Amino acid sequence: MKKLAIGLILLVSVNANAQTVLPTYAPNQPLTAVAYNDENTGAMTQKMTVFLSDGSYCTAMAGVGALAFIQGKWHRQGDQVTTTLYSASPIITGEWRITNGITTGVLIDNWLIESFNEPFLVGFGNKTPTKLDIYDPKKGTSTLPIPKGATHFFVGAYKQGATKHTLIRFSLNYNQLPPPEEGTTYNLEVIGYPNEFKNQDVNIQYNIQNGQLFEVMLVDDIDYTQTLSNPLVLSDKDKAQSLYRACTLDPASESDNQKYAFAQKDMIEWQGKVAP
């Protein structure tokens, strides 16, 4: 993850344009991105903020022994830019690993348990959860069998009484991988890393003055205000998507990710009841 934090900043290295503030909102057009990079953000040594043309938003910070990121949506009205932020979750990734046996499952890793450090949600379904269960960290590591017909696995933070949940969604399709040898199969190992924004109240808004973007970030009612300058523009769809994955501190965005069989993932907002 240290290597990832360094690569997060180095990835944004093309097409500086001091006149561009935000991408044009165009959700039905090829994806573009505008990113801002700051290397002096208080205790955090590096910071990246990304606006995508489909309305997606992310800001991430990396310091010595600390990582923080939060995702959401952005909307511009005149000179005001508002963000709607998802609940901050641990930095979660999934990797397909060959194991003995013939039944494919999802391995809940110790790192995932420790990154939540409290009960969290797990479940299976097709694009959306059929059922979500509360996973008790006291249970320790375990392998969850994949129900017949399930195409996705879901994991996210649990808030008692909440009816709307932010979930990481993993595809359970590993057909692109080499077939396992006889007597072995693939398990999806889900790993988590701590996110410093988890359990903090974060609010981020922006305003535009004289062609520059001013950020006002509230973290637990502490005000951090700064000017974002030298925007970096990416008009290539694949580079824009890679940049956004890097902003979410996704290990699958590292330059050597071909060495690993990372599962495809995204984030969804799901409304429904959680099994008691």
Side-chain angles (χ1 to χ4, degrees), residues 1-12 35-52 56-74 82-94 108-121 135 137 155-160 162 164-168 190-206 214-228 243-254 262 265-269:
M1 293 299 289
K2 180 180 179 182
K3 177 183 177 183
L4 173 64
I6 296 172
L8 181 151
I9 300 301
L10 296 180
L11 179 64
V12 190
Y36 293 84
N37 171 24
D38 182 14
E39 296 186 359
N40 296 289
T41 310
M44 295 293 190
T45 59
Q46 299 173 327
K47 179 181 178 184
M48 173 191 285
T49 300
V50 179
F51 299 88
L52 294 185
S56 299
Y57 166 86
C58 175
T59 191
M61 293 182 284
V64 179
L67 295 168
F69 88 97
I70 196 163
Q71 294 170 264
K73 296 289 185 179
W74 67 272
T82 59
T83 65
T84 302
L85 302 177
Y86 300 145
S87 299
S89 65
I91 301 159
I92 300 174
T93 191
I108 303 300
D109 186 274
N110 251 330
W111 284 25
L112 179 67
I113 294 170
E114 292 174 3
S115 67
F116 278 105
N117 201 29
E118 60 187 4
F120 57 95
L121 299 176
Y135 195 95
V155 60
Y158 169 64
K159 291 185 178 180
Q160 188 173 7
K164 191 174 184 180
H165 310 278
T166 301
L167 303 172
I168 303 296
V190 182
I191 305 170
Y193 304 90
N195 182 355
E196 294 296 314
F197 279 153
K198 186 176 177 290
N199 298 324
Q200 291 185 322
D201 185 15
V202 181
N203 183 283
I204 308 173
Q205 307 301 332
Y206 300 87
F214 291 85
E215 177 187 79
V216 178
M217 176 186 291
L218 292 173
V219 181
D220 287 342
D221 294 327
I222 300 177
D223 188 333
Y224 302 90
T225 303
Q226 69 175 128
T227 303
L228 303 185
L243 178 65
Y244 190 74
R245 287 197 300 271
C247 185
T248 64
L249 303 178
D250 184 355
S253 67
E254 292 193 64
F262 289 113
K265 74 170 189 179
D266 58 4
M267 179 177 285
I268 66 168
E269 290 282 299

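Just so it is clear, the structure is predicted and the values come from calculations on it, not from any experiment. Sequence positions, counted from 1, serve as the residue numbers for this chain.
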Using modelled atom types only, decide if a donor and an acceptor are shared between the side chain of [X] and the backbone of [Y] within a distance under 3.5 Å.
X      : Y      : result
Asp220 : Asp201 : yes
Tyr193 : Leu112 : no
Asn195 : Phe69  : yes
Gln205 : Thr83  : yes
Trp111 : Pro194 : no

Taking the side chain as every heavy atom from C-beta outward, state whether [X] and [Y] have any atom pair closer than 4.5 Å.
X      : Y      : value
Tyr244 : Cys58  : yes
Asp109 : Val190 : no
Leu85  : Asn203 : no
Thr84  : Tyr57  : no
Val155 : Tyr135 : no

Can you measure from [atom1] ([X]) to [atom2] ([Y]) and round to the nearest 0.5 angstrom?
X      : Y      : atom1 : atom2 : value
Trp74  : Thr59  : CH2   : OG1   : 15.0 Å
Gln71  : Asp266 : CD    : CG    : 9.5 Å
Leu67  : Ile91  : CG    : CD1   : 4.5 Å
Lys164 : Lys159 : NZ    : NZ    : 12.0 Å

Steps toward side-chain contact (heavy atoms from CB on, under 4.5 Å) verdict (Glu196, Met61): CA-CA 9 Å; Glu196 294 296 314; Met61 293 182 284; over 6 Å; no

Ring centroids only, cut at 6.0 angstrom: are Tyr158 and Phe120 within range, meaning strictly under it?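 They do not qualify: ring centres at least 6.0 Å apart.
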
Is the distance between the ring centroids of Phe51 and Tyr206 less than 6.0 Å?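 Yes, the ring centres sit under 6.0 Å apart.
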
Indicate the atoms forming the closest heavy-atom contact of Ala157 with Leu121, along with that distance.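 Answer, listing the atom of Ala157 first, then Leu121: O-CD1, 3.5 Å.
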
If you take all heavy atoms of Ile204 and Met217, which pair is closest and at what distance?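 Minimum heavy-atom separation between Ile204 and Met217: CD1-CE, 3.7 Å.
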
Flag the pair Lys73 and Glu269 as a salt bridge only when some basic side-chain nitrogen lies within less than 4.0 angstrom of an acidic carboxylate oxygen.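 Judged by the 4.0 Å cut-off on N to carboxylate O distance, Lys73 and Glu269 do not form a salt bridge.
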
Candidate pair Met48 and Asn37, rule side-chain contact (heavy atoms from CB on, under 4.5 Å), full reasoning: CA-CA 5 Å; Met48 173 191 285; Asn37 171 24; 5.7 Å; no

